[in-house]
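This report refers to the structure that appears directly beneath it.
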Amino acid sequence: MHPAIFAPVAFDDHALLDSGGGEKLERYGPVVLRRPDPQAVWSRALDASHWERADLTFVRESDRGGRWEARRGAHAAALGHEPQWTISFAEGRFAVRPTPFKHVGVFPEQAPNWVAVSRAARSLAERPRLLNLFGYTGVASILAAQAGCEVTHVDASKTSIAWTRENAQASGLAPDALRIVLDDALTYVRREVRRNARYHVVLLDPPHYGRGPKGEKWQFEDGVAPLVAAVRELLDERALVILSTYAIGCTPLTLANLLGEIGPGEIEAGELALASTTGRALPAGFCARFTRGFDASVMSR
(Lines give C-alpha, C1' and ligand atoms only; values in the text may rest on other atoms or scores of the structure.)
Protein backbone atom coordinates (compact mmCIF):
# COMPACT_ATOMS: atom_id res chain seq x y z
CA MET A 1 0.00 0.00 0.00
CA HIS A 2 1.27 3.49 -0.86
CA PRO A 3 -0.65 6.27 0.93
CA ALA A 4 -0.49 9.78 -0.51
CA ILE A 5 2.49 11.40 1.22
CA PHE A 6 4.37 14.56 0.36
CA ALA A 7 7.82 13.05 -0.02
CA PRO A 8 10.17 14.07 2.81
CA VAL A 9 13.30 15.92 1.75
CA ALA A 10 16.86 15.67 3.04
CA PHE A 11 17.38 17.46 6.35
CA ASP A 12 20.88 16.77 7.64
CA ASP A 13 20.27 18.32 11.06
CA HIS A 14 17.20 16.21 11.80
CA ALA A 15 16.52 12.47 11.90
CA LEU A 16 13.61 10.41 13.15
CA LEU A 17 15.44 7.53 14.82
CA ASP A 18 12.40 5.49 15.89
CA SER A 19 8.75 5.72 16.91
CA GLY A 20 6.25 3.57 18.74
CA GLY A 21 4.57 3.07 22.08
CA GLY A 22 3.09 6.57 21.85
CA GLU A 23 6.49 8.26 21.53
CA LYS A 24 9.08 9.38 18.97
CA LEU A 25 12.86 9.48 19.17
CA GLU A 26 14.48 12.26 17.12
CA ARG A 27 17.85 13.89 16.60
CA TYR A 28 17.95 17.67 16.26
CA GLY A 29 21.52 18.55 15.44
CA PRO A 30 23.68 16.84 18.10
CA VAL A 31 20.85 16.32 20.62
CA VAL A 32 18.46 13.34 20.79
CA LEU A 33 14.93 14.03 22.05
CA ARG A 34 12.29 11.63 23.30
CA ARG A 35 8.73 12.91 23.47
CA PRO A 36 5.10 11.80 23.16
CA ASP A 37 3.41 11.34 19.80
CA PRO A 38 -0.18 10.04 19.79
CA GLN A 39 0.14 8.78 16.20
CA ALA A 40 2.84 6.25 17.10
CA VAL A 41 0.57 3.46 18.29
CA TRP A 42 2.75 0.63 16.89
CA SER A 43 5.66 -1.17 18.54
CA ARG A 44 9.15 0.32 18.62
CA ALA A 45 11.74 -0.97 16.17
CA LEU A 46 14.77 -0.22 18.38
CA ASP A 47 15.40 -1.78 21.75
CA ALA A 48 15.11 0.10 25.03
CA SER A 49 18.81 0.94 25.23
CA HIS A 50 18.49 3.32 22.25
CA TRP A 51 15.58 5.15 23.86
CA GLU A 52 17.32 5.39 27.20
CA ARG A 53 20.21 7.25 25.54
CA ALA A 54 17.98 10.22 24.67
CA ASP A 55 19.59 13.44 25.90
CA LEU A 56 16.23 15.01 26.76
CA THR A 57 12.95 13.26 27.60
CA PHE A 58 9.61 15.02 27.81
CA VAL A 59 7.63 14.20 30.95
CA ARG A 60 3.96 15.09 30.69
CA GLU A 61 2.56 16.70 33.85
CA SER A 62 -0.96 17.53 32.62
CA ASP A 63 -2.94 17.88 29.40
CA ARG A 64 -1.54 21.43 29.22
CA GLY A 65 2.13 20.52 29.15
CA GLY A 66 5.07 19.10 31.02
CA ARG A 67 8.83 19.34 31.51
CA TRP A 68 12.03 18.08 29.89
CA GLU A 69 14.49 15.93 31.84
CA ALA A 70 18.13 15.52 30.81
CA ARG A 71 19.81 12.17 31.36
CA ARG A 72 23.08 11.94 33.22
CA GLY A 73 25.86 12.42 30.69
CA ALA A 74 23.59 14.21 28.19
CA HIS A 75 25.06 16.38 25.44
CA ALA A 76 26.16 19.75 26.83
CA ALA A 77 23.58 21.59 24.70
CA ALA A 78 20.79 19.71 26.47
CA LEU A 79 21.86 20.82 29.94
CA GLY A 80 20.82 23.86 31.92
CA HIS A 81 17.55 25.41 33.00
CA GLU A 82 16.57 26.47 29.46
CA PRO A 83 18.56 24.39 26.96
CA GLN A 84 18.96 25.78 23.45
CA TRP A 85 21.06 25.03 20.39
CA THR A 86 21.04 25.85 16.67
CA ILE A 87 20.35 23.71 13.61
CA SER A 88 20.53 24.51 9.91
CA PHE A 89 18.40 23.91 6.83
CA ALA A 90 19.65 25.24 3.48
CA GLU A 91 20.94 28.76 4.28
CA GLY A 92 18.80 29.18 7.40
CA ARG A 93 19.87 28.78 11.01
CA PHE A 94 17.23 28.17 13.65
CA ALA A 95 17.15 27.99 17.43
CA VAL A 96 15.88 24.70 18.88
CA ARG A 97 14.35 25.42 22.27
CA PRO A 98 12.38 22.65 24.02
CA THR A 99 9.17 24.16 25.43
CA PRO A 100 6.72 23.01 28.13
CA PHE A 101 4.29 22.21 25.30
CA LYS A 102 6.75 19.60 23.87
CA HIS A 103 7.39 21.68 20.73
CA VAL A 104 10.95 22.76 19.95
CA GLY A 105 10.50 25.58 17.41
CA VAL A 106 11.16 23.67 14.18
CA PHE A 107 8.77 21.29 12.40
CA PRO A 108 10.89 19.17 10.01
CA GLU A 109 7.83 17.62 8.35
CA GLN A 110 7.25 21.03 6.74
CA ALA A 111 10.50 20.77 4.75
CA PRO A 112 8.74 19.65 1.52
CA ASN A 113 6.68 22.85 1.68
CA TRP A 114 9.78 25.00 2.28
CA VAL A 115 11.32 23.48 -0.84
CA ALA A 116 8.12 23.95 -2.87
CA VAL A 117 8.02 27.64 -1.96
CA SER A 118 11.66 28.12 -2.96
CA ARG A 119 11.08 26.45 -6.32
CA ALA A 120 7.97 28.51 -6.99
CA ALA A 121 9.74 31.73 -6.01
CA ARG A 122 12.71 31.08 -8.25
CA SER A 123 10.44 30.31 -11.22
CA LEU A 124 8.97 33.83 -11.23
CA ALA A 125 10.54 36.66 -13.19
CA GLU A 126 9.27 39.21 -10.66
CA ARG A 127 9.99 39.25 -6.95
CA PRO A 128 7.32 37.07 -5.30
CA ARG A 129 5.25 38.45 -2.44
CA LEU A 130 4.63 35.88 0.30
CA LEU A 131 2.25 35.99 3.27
CA ASN A 132 2.95 33.54 6.08
CA LEU A 133 0.02 33.31 8.48
CA PHE A 134 0.43 31.51 11.83
CA GLY A 135 4.13 31.92 11.08
CA TYR A 136 5.35 30.63 14.49
CA THR A 137 9.17 30.88 14.78
CA GLY A 138 9.67 32.01 11.20
CA VAL A 139 11.45 29.06 9.61
CA ALA A 140 9.32 29.17 6.44
CA SER A 141 9.48 32.97 6.30
CA ILE A 142 13.26 33.08 6.57
CA LEU A 143 13.83 30.40 3.94
CA ALA A 144 11.39 32.18 1.61
CA ALA A 145 13.22 35.49 2.08
CA GLN A 146 16.50 33.75 1.28
CA ALA A 147 14.86 32.41 -1.90
CA GLY A 148 14.08 35.98 -2.97
CA CYS A 149 10.56 36.54 -1.64
CA GLU A 150 9.22 39.75 -0.17
CA VAL A 151 7.85 38.25 3.04
CA THR A 152 5.12 39.32 5.44
CA HIS A 153 5.18 37.16 8.57
CA VAL A 154 2.10 37.18 10.83
CA ASP A 155 1.69 35.56 14.22
CA ALA A 156 -0.45 36.27 17.29
CA SER A 157 2.22 35.35 19.87
CA LYS A 158 4.80 37.86 21.12
CA THR A 159 7.05 34.94 22.09
CA SER A 160 6.94 33.52 18.57
CA ILE A 161 7.57 36.95 17.05
CA ALA A 162 10.68 37.37 19.22
CA TRP A 163 11.86 33.88 18.24
CA THR A 164 11.38 34.76 14.56
CA ARG A 165 13.55 37.86 14.92
CA GLU A 166 16.22 35.78 16.65
CA ASN A 167 16.17 33.17 13.87
CA ALA A 168 16.30 35.85 11.18
CA GLN A 169 19.38 37.40 12.76
CA ALA A 170 21.06 34.00 13.15
CA SER A 171 20.33 33.31 9.47
CA GLY A 172 22.11 36.49 8.40
CA LEU A 173 19.06 38.46 7.30
CA ALA A 174 18.99 42.23 7.55
CA PRO A 175 16.67 43.67 10.23
CA ASP A 176 14.20 44.77 7.55
CA ALA A 177 14.33 41.56 5.49
CA LEU A 178 10.98 40.41 6.87
CA ARG A 179 7.85 42.40 7.53
CA ILE A 180 6.87 40.97 10.92
CA VAL A 181 3.33 41.60 12.18
CA LEU A 182 1.76 40.75 15.55
CA ASP A 183 -1.91 40.23 14.67
CA ASP A 184 -4.81 37.84 14.37
CA ALA A 185 -4.60 36.05 11.01
CA LEU A 186 -8.15 36.68 9.77
CA THR A 187 -8.14 40.29 10.99
CA TYR A 188 -4.91 40.95 9.12
CA VAL A 189 -6.03 39.26 5.90
CA ARG A 190 -9.26 41.25 5.80
CA ARG A 191 -7.26 44.43 6.33
CA GLU A 192 -4.98 43.49 3.42
CA VAL A 193 -8.03 42.85 1.22
CA ARG A 194 -9.24 46.39 1.92
CA ARG A 195 -5.79 47.66 0.95
CA ASN A 196 -5.99 45.76 -2.37
CA ALA A 197 -2.80 43.89 -1.48
CA ARG A 198 -1.69 41.00 -3.68
CA TYR A 199 0.42 37.94 -2.92
CA HIS A 200 1.88 35.16 -5.04
CA VAL A 201 2.27 32.73 -2.12
CA VAL A 202 0.19 32.28 1.05
CA LEU A 203 1.12 29.81 3.78
CA LEU A 204 -1.47 28.63 6.29
CA ASP A 205 -0.53 26.32 9.16
CA PRO A 206 -3.22 27.05 11.75
CA PRO A 207 -3.57 25.41 15.15
CA HIS A 208 -6.77 23.71 16.23
CA TYR A 209 -7.39 26.38 18.82
CA GLY A 210 -5.74 29.69 19.69
CA ARG A 211 -6.10 33.30 20.73
CA GLY A 212 -5.17 36.49 18.93
CA PRO A 213 -3.23 39.34 20.57
CA LYS A 214 -6.50 41.11 21.44
CA GLY A 215 -8.22 37.96 22.67
CA GLU A 216 -9.63 36.98 19.27
CA LYS A 217 -10.74 33.35 19.38
CA TRP A 218 -9.49 30.93 16.74
CA GLN A 219 -11.24 27.58 16.28
CA PHE A 220 -10.19 25.67 13.17
CA GLU A 221 -13.62 24.33 12.27
CA ASP A 222 -15.19 27.80 12.51
CA GLY A 223 -12.38 29.95 11.19
CA VAL A 224 -10.64 28.15 8.36
CA ALA A 225 -13.33 28.56 5.68
CA PRO A 226 -13.71 32.35 6.19
CA LEU A 227 -9.92 32.64 6.23
CA VAL A 228 -9.47 30.77 2.94
CA ALA A 229 -12.27 32.87 1.41
CA ALA A 230 -10.48 36.06 2.45
CA VAL A 231 -7.11 34.77 1.23
CA ARG A 232 -8.67 34.14 -2.18
CA GLU A 233 -9.13 37.92 -2.57
CA LEU A 234 -5.39 38.49 -2.09
CA LEU A 235 -4.04 36.13 -4.73
CA ASP A 236 -2.13 37.14 -7.82
CA GLU A 237 -2.84 35.54 -11.20
CA ARG A 238 0.08 33.18 -10.45
CA ALA A 239 -0.51 31.79 -7.00
CA LEU A 240 0.51 29.08 -4.57
CA VAL A 241 -1.47 28.42 -1.38
CA ILE A 242 -0.33 25.79 1.13
CA LEU A 243 -2.71 24.74 3.92
CA SER A 244 -1.48 22.28 6.55
CA THR A 245 -2.84 21.04 9.86
CA TYR A 246 -1.88 18.73 12.71
CA ALA A 247 -3.97 16.95 15.37
CA ILE A 248 -7.24 18.07 13.82
CA GLY A 249 -10.21 15.86 13.00
CA CYS A 250 -10.21 16.41 9.25
CA THR A 251 -8.62 14.71 6.24
CA PRO A 252 -6.61 15.75 3.18
CA LEU A 253 -9.89 15.72 1.25
CA THR A 254 -11.26 18.34 3.65
CA LEU A 255 -8.30 20.60 2.93
CA ALA A 256 -8.51 19.97 -0.81
CA ASN A 257 -12.20 20.90 -0.83
CA LEU A 258 -11.43 24.11 1.04
CA LEU A 259 -8.73 25.15 -1.41
CA GLY A 260 -10.97 24.13 -4.31
CA GLU A 261 -13.17 27.11 -3.44
CA ILE A 262 -10.38 29.47 -4.45
CA GLY A 263 -11.17 28.86 -8.10
CA PRO A 264 -9.59 27.14 -11.12
CA GLY A 265 -6.18 25.67 -10.37
CA GLU A 266 -4.31 22.49 -9.55
CA ILE A 267 -4.74 20.87 -6.14
CA GLU A 268 -2.69 18.13 -4.52
CA ALA A 269 -3.41 16.79 -1.06
CA GLY A 270 -2.00 14.17 1.26
CA GLU A 271 -0.07 13.61 4.46
CA LEU A 272 3.08 15.16 5.78
CA ALA A 273 5.39 12.57 7.33
CA LEU A 274 8.81 12.10 8.87
CA ALA A 275 10.99 9.49 7.23
CA SER A 276 12.64 7.18 9.74
CA THR A 277 16.02 5.48 9.79
CA THR A 278 14.04 2.31 10.63
CA GLY A 279 12.15 2.55 7.33
CA ARG A 280 8.78 3.34 8.91
CA ALA A 281 7.40 6.84 8.36
CA LEU A 282 5.62 8.76 11.11
CA PRO A 283 2.47 10.72 10.10
CA ALA A 284 2.84 14.39 10.98
CA GLY A 285 -0.31 16.10 9.72
CA PHE A 286 -2.27 16.76 6.56
CA CYS A 287 -1.53 19.18 3.77
CA ALA A 288 -3.05 20.54 0.57
CA ARG A 289 -1.52 22.81 -2.08
CA PHE A 290 -3.31 25.01 -4.59
CA THR A 291 -1.34 26.22 -7.59
CA ARG A 292 -2.35 28.48 -10.45
CA GLY A 293 -0.08 29.63 -13.24
CA PHE A 294 2.95 27.55 -12.22
CA ASP A 295 4.43 24.82 -14.38
CA ALA A 296 3.66 21.53 -12.65
CA SER A 297 7.23 20.35 -13.25
CA VAL A 298 8.54 23.29 -11.18
CA MET A 299 6.51 22.17 -8.18
CA SER A 300 7.22 18.45 -8.44
CA ARG A 301 11.00 18.40 -8.97
Side-chain angles (χ1 to χ4, degrees), residues 5-90 92-112 114 136-140 159-160 163 166-167 170 205 207-208 244 246-247 271-285:
I5 296 175
F6 288 94
V9 301
F11 193 156
D12 292 341
D13 269 356
H14 175 268
L16 176 64
L17 306 176
D18 196 13
S19 60
E23 293 183 292
K24 58 184 174 181
L25 188 69
E26 297 172 281
R27 177 183 58 79
Y28 280 81
V31 180
V32 176
L33 306 179
R34 176 178 179 176
R35 53 181 166 157
D37 193 301
Q39 299 282 355
V41 297
W42 44 82
S43 300
R44 297 167 182 165
L46 301 179
D47 62 38
S49 65
H50 289 83
W51 290 78
E52 291 166 359
R53 290 198 295 269
D55 295 295
L56 285 170
T57 297
F58 185 84
V59 179
R60 187 177 294 282
E61 296 177 313
S62 71
D63 59 356
R64 298 181 62 84
R67 69 183 190 279
W68 292 86
E69 291 186 351
R71 67 169 174 84
R72 180 176 296 181
H75 190 281
L79 302 177
H81 179 62
E82 294 182 346
Q84 175 179 316
W85 61 99
T86 301
I87 65 172
S88 300
F89 183 88
R93 291 180 59 79
F94 310 107
V96 175
R97 187 178 298 140
T99 72
F101 308 105
K102 80 176 181 176
H103 300 307
V104 300
V106 180
F107 292 96
E109 65 271 15
Q110 289 286 339
W114 305 335
Y136 194 39
T137 60
V139 176
T159 299
S160 294
W163 202 334
E166 179 184 342
N167 283 336
D205 187 27
H208 190 198
S244 56
Y246 180 76
E271 293 192 57
L272 297 172
L274 294 173
S276 173
T277 56
T278 65
R280 181 172 53 195
L282 176 66

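The structure displayed is predicted, hence computed values, not measured ones.
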Considering non-hydrogen atoms only, spot the tightest contact between [X] and [Y] and give its length.
X	Y	value
Val139	Gly105	CG2-O, 4.0 Å
Ser244	Gln110	OG-NE2, 3.1 Å
Leu17	Ser276	O-OG, 3.9 Å
Leu33	Ala54	C-CB, 4.5 Å
Ala70	Leu79	CB-CD2, 4.0 Å
Ala77	Val31	CB-CG2, 3.9 Å

Check: [Y] main-chain N/O paired with [X] side-chain donor or acceptor under 3.5 Å:
X	Y	value
Trp51	Asp18	no
Trp68	Ala78	no
Lys24	Ala40	no
Asp13	Ile87	no
Arg44	Glu23	no
Trp114	Pro108	no

* Is it true that atom CG of Asp12 has more than 12 heavy atoms of other residues, nucleotides or ligands lying nearer than 6.0 Å? -> no

* Would you check, one step at a time, whether the test side-chain contact (heavy atoms from CB on, under 4.5 Å) holds for His75 with Trp85? => CA-CA 11 Å; His75 190 281; Trp85 61 99; over 6 Å; no

Calculate, to the nearest 0.5 Å, the distance between atoms [atom1] and [atom2] belonging to [X] and [Y] respectively.
X	Y	atom1	atom2	result
Leu46	Thr277	CG	OG1	6.5 Å
Leu16	Arg280	CG	CZ	9.5 Å
Phe94	Thr137	CZ	OG1	8.0 Å
Thr86	Glu166	OG1	CD	7.5 Å

* To do: I would like to know whether Leu274 and Glu26 meet side-chain contact (heavy atoms from CB on, under 4.5 Å); could you show each step before the answer?
  => CA-CA 10 Å; Leu274 294 173; Glu26 297 172 281; 3.7 Å; yes

* Asked: Knowing that exactly one of Arg71, Arg34, Arg35 qualifies, which makes a salt bridge (charged side-chain N to carboxylate O under 4.0 Å, His left out) with Asp55?
  -> Arg71

* Would you say the side-chain atoms of Ser19 and Trp42 include a donor-acceptor pair closer than 3.5 Å? -> yes

* Please check if the distance between the ring centroids of Phe107 and Tyr246 is under 6.0 Å. => no

* Less than 4.5 Å apart, any side-chain heavy atom of Phe58 and any of Val104? -> no

